[in-house]
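Throughout, protein chains are lettered first and strands after them, A, B, ... in sequence-line order, and every chain is numbered starting at 1.
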There are 2 protein chains.
Amino acid sequence: MTTQQLIEQIQRKKSFLCIGLDVDLTKIPEHLLQLEDPIFEFNKAIIDATHDLCVSYKPNTAFYEAYGIKGWQSLQKTIQYINKNYPEIFTIADAKRGDIGNTSSMYAKAFFEDLNFDSITVAPYMGKDSIEPFLAFHEKHTILLALTSNEGAFDFQTKKVEEIELYKTVIATSQSWHNAQNLMYVVGATKAEYFREIRKLIPDSFLLVPGVGAQGGSLQEVCNFGMSKNIGLLVNSSRGIIYASKGADFAEKAREEAMKIQLEMQDIVNTL
Amino acid sequence: MTTQQLIEQIQRKKSFLCIGLDVDLTKIPEHLLQLEDPIFEFNKAIIDATHDLCVSYKPNTAFYEAYGIKGWQSLQKTIQYINKNYPEIFTIADAKRGDIGNTSSMYAKAFFEDLNFDSITVAPYMGKDSIEPFLAFHEKHTILLALTSNEGAFDFQTKKVEEIELYKTVIATSQSWHNAQNLMYVVGATKAEYFREIRKLIPDSFLLVPGVGAQGGSLQEVCNFGMSKNIGLLVNSSRGIIYASKGADFAEKAREEAMKIQLEMQDIVNTL
């Protein structure tokens, strides 16, 4: 999917909601557990109930790998289901990969070709040649961890590197990499005050914003400081939506939670 | 496996060789391709031919994920084969994971419980709470990227953070984390001159050293600067060993290459 197509979807749906599909078997409705693939059945119901309210789904690969081959199968069925039934959705493999060049090429192949995701999250620590293999793919997007939403973000990311905070150095340096137009960035919503600084460096890039909802960030604050002229935001909520209910009505309740956020977003998109 | 058991294996085998199982279907002998699981059959032959010369195997997960579910099955069969037949081997999942706390817990479950690896490589960018879930596992080891062997290492890792290079800050900070005794570190062999500095910070920790062989590092130089009183090194070679031949003799040739390194190591272990 091109960035322009993503922008069109945001305008059409009046939403920049991304729903995290972080499925934990201990948290899903019990009646699903007797089915052959509870994780996929859960995702399918959530997706069918919310696809018109969001522009993106983001399965976090950890939650699938934790169940071994069965989990990997659930991930494959989920992405295939989205690509087949809702091809307008921007899909994100939240995988936080990154390795030396030939290895990153294998990860890119896994997520962009084999699973056919539109994008993947990657960690910057290993630098340019660990990220460029992802950037080489046409109409695929690489979402670089810049400033994350967890406490550990303050261990290194906000430390000053030659007078400039590391996360800013990561953003500025990455803009010089080959095919940098395919980059997006993870910026945690728990630090809305940083968005203003980030927009000075990358006024137009899309930012994937986790941490709204369960992690405590505020949508309004993120938008005040983080929006670009084309929105330029994908705001993720995982647990707040997908675990809204543990009952038979889980998909309906997930839709209600998604709609609450979409309605807030609609007001914001309409002001543009 | 405990660190003490690893040290005993090094002394017994007079080797601190780690063999990287980075299996690319385009590089393995053609006669294997007609078998049902060529990757596993390749690994099995390499393992049977080299297990007495090395103390560790390190499958890089990218090479398995690139083949989807089939790849994940090959990975599972490989680790099960090692654990069953050669339980004295220290196994490393070269996965370079790291995410917010609840997600890192899922990765830890995937690699330590489901697959039963002894250790996993992790990226430090997200800080303390992204790593501590791995450290919580008893007799499991978490190998933190400190200074990697690729060019991109110079993008951020060697930049000064408040007057200290980032990789040193990563090492020093990580030593304050809960269960830090379960930490090891990735230190690239292409920068042997840095080992001296690193040993000032962590005199005893095990270092996983990629980059000997195909990536150009020298074993002797690594040992001169990087060895601890208990060796404290796992030196990895992947392509140089496993792709020594594309013929029917591939396992035999892999053994020859592994033995060359093991013989060098034997002289070094004997000097202790």
Side-chain angles (χ1 to χ4, degrees), chain A residues 22 24 60-69 71-73 76 94-111 113-115 123-132 145 148-157 159-162 166 169-170 173-174 210 215 239, chain B residues 22 24 60-69 71-73 76 94-111 113-115 123-132 145 148-157 159-162 166 169-170 173-174 210-211 215:
Chain A
D22 305 348
D24 184 335
N60 188 310
T61 52
F63 288 79
Y64 300 84
E65 292 177 21
Y67 301 109
I69 289 163
W72 200 260
Q73 279 168 333
Q76 190 178 64
D94 196 358
K96 301 193 173 70
R97 301 296 199 263
D99 207 312
I100 61 172
N102 75 319
T103 308
S104 277
S105 296
M106 297 304 268
Y107 279 129
K109 185 173 160 349
F111 289 100
E113 287 184 356
D114 189 59
L115 292 172
Y125 193 71
M126 294 181 70
K128 173 172 162 157
D129 58 294
S130 70
I131 309 298
E132 284 186 344
L145 299 186
T148 59
S149 57
N150 63 323
E151 255 193 67
F154 298 100
D155 278 351
F156 307 117
Q157 297 167 25
K159 290 276 161 64
K160 286 194 180 168
V161 173
E162 290 159 14
L166 176 60
T169 304
V170 165
T173 304
S174 69
Q215 291 182 60
R239 288 168 274 177
Chain B
D22 305 349
D24 184 335
N60 188 309
T61 53
F63 288 79
Y64 299 84
E65 292 178 20
Y67 301 109
I69 289 163
W72 200 260
Q73 279 167 334
Q76 189 178 65
D94 196 358
K96 301 193 173 69
R97 300 298 199 263
D99 206 312
I100 60 171
N102 75 319
T103 307
S104 278
S105 296
M106 297 304 268
Y107 279 128
K109 185 173 160 347
F111 289 99
E113 287 184 356
D114 189 58
L115 292 172
Y125 193 72
M126 294 181 69
K128 174 172 162 156
D129 58 293
S130 70
I131 309 298
E132 283 187 342
L145 298 186
T148 58
S149 57
N150 63 323
E151 254 192 68
F154 297 100
D155 278 352
F156 308 117
Q157 298 167 25
K159 289 277 161 65
K160 286 194 179 167
V161 174
E162 290 160 14
L166 176 59
T169 305
V170 165
T173 305
S174 68
Q215 292 182 61

Please flag which part of [X] lies under 4.5 Å from any non-hydrogen atom of chain A: side chain, backbone, both or neither.
| X | answer |
| --- | --- |
| B:Q76 | side chain |
| B:T61 | both |
| B:Y64 | neither |

Full working for side-chain contact (heavy atoms from CB on, under 4.5 Å) between A:E162 and B:K159: CA-CA 7 Å; A:E162 290 159 14; B:K159 289 277 161 65; 3.5 Å; yes

Check each atom of A:T173 against the heavy atoms of chain B and say whether the ones under 4.5 Å are side chain, backbone, both or neither. side chain

Can you say whether A:F156 sits under 4.5 Å from chain B via the side chain, the backbone, both, or neither, judging by heavy atoms? side chain

Where is the tightest heavy-atom contact between [X] and [Y], given as atom of each residue plus distance?
| X | Y | answer |
| --- | --- | --- |
| B:D155 | A:K128 | OD2-N, 2.5 Å |
| B:A62 | A:M106 | O-CB, 3.6 Å |
| B:Y125 | A:L166 | CE1-CD2, 3.8 Å |
| A:D129 | B:E151 | OD1-C, 3.5 Å |

Pairwise distance CG(A:N60) to CG(B:N102) - rounded to 0.5 angstrom: 8.0 Å

Taking B:M126's backbone N and O only, do any of them form a donor-acceptor pair with A:N150's side chain (distance below 3.5 Å, no angle check)? yes

Would you please name every residue forming a salt bridge (charged side-chain N to carboxylate O under 4.0 Å, His left out) with B:D94, sequence neighbours left out? B:K58, B:K96

Residue among B:T169, B:T103, B:L115 with most heavy-atom pairs under 4.5 Å to chain A: B:T103

Given side chains that start at C-beta, do those of B:D114 and A:Y67 come closer than 4.5 Å, heavy atoms only? no

If we define contacts as heavy-atom pairs under 4.5 Å, which of A:A110, A:A123, A:S174 has the most with chain B? A:A110

Residues passing the side-chain hydrogen bond (donor to acceptor under 3.5 Å, both in side chains) test with A:E65, sequence neighbours excluded, are A:R97, B:R97

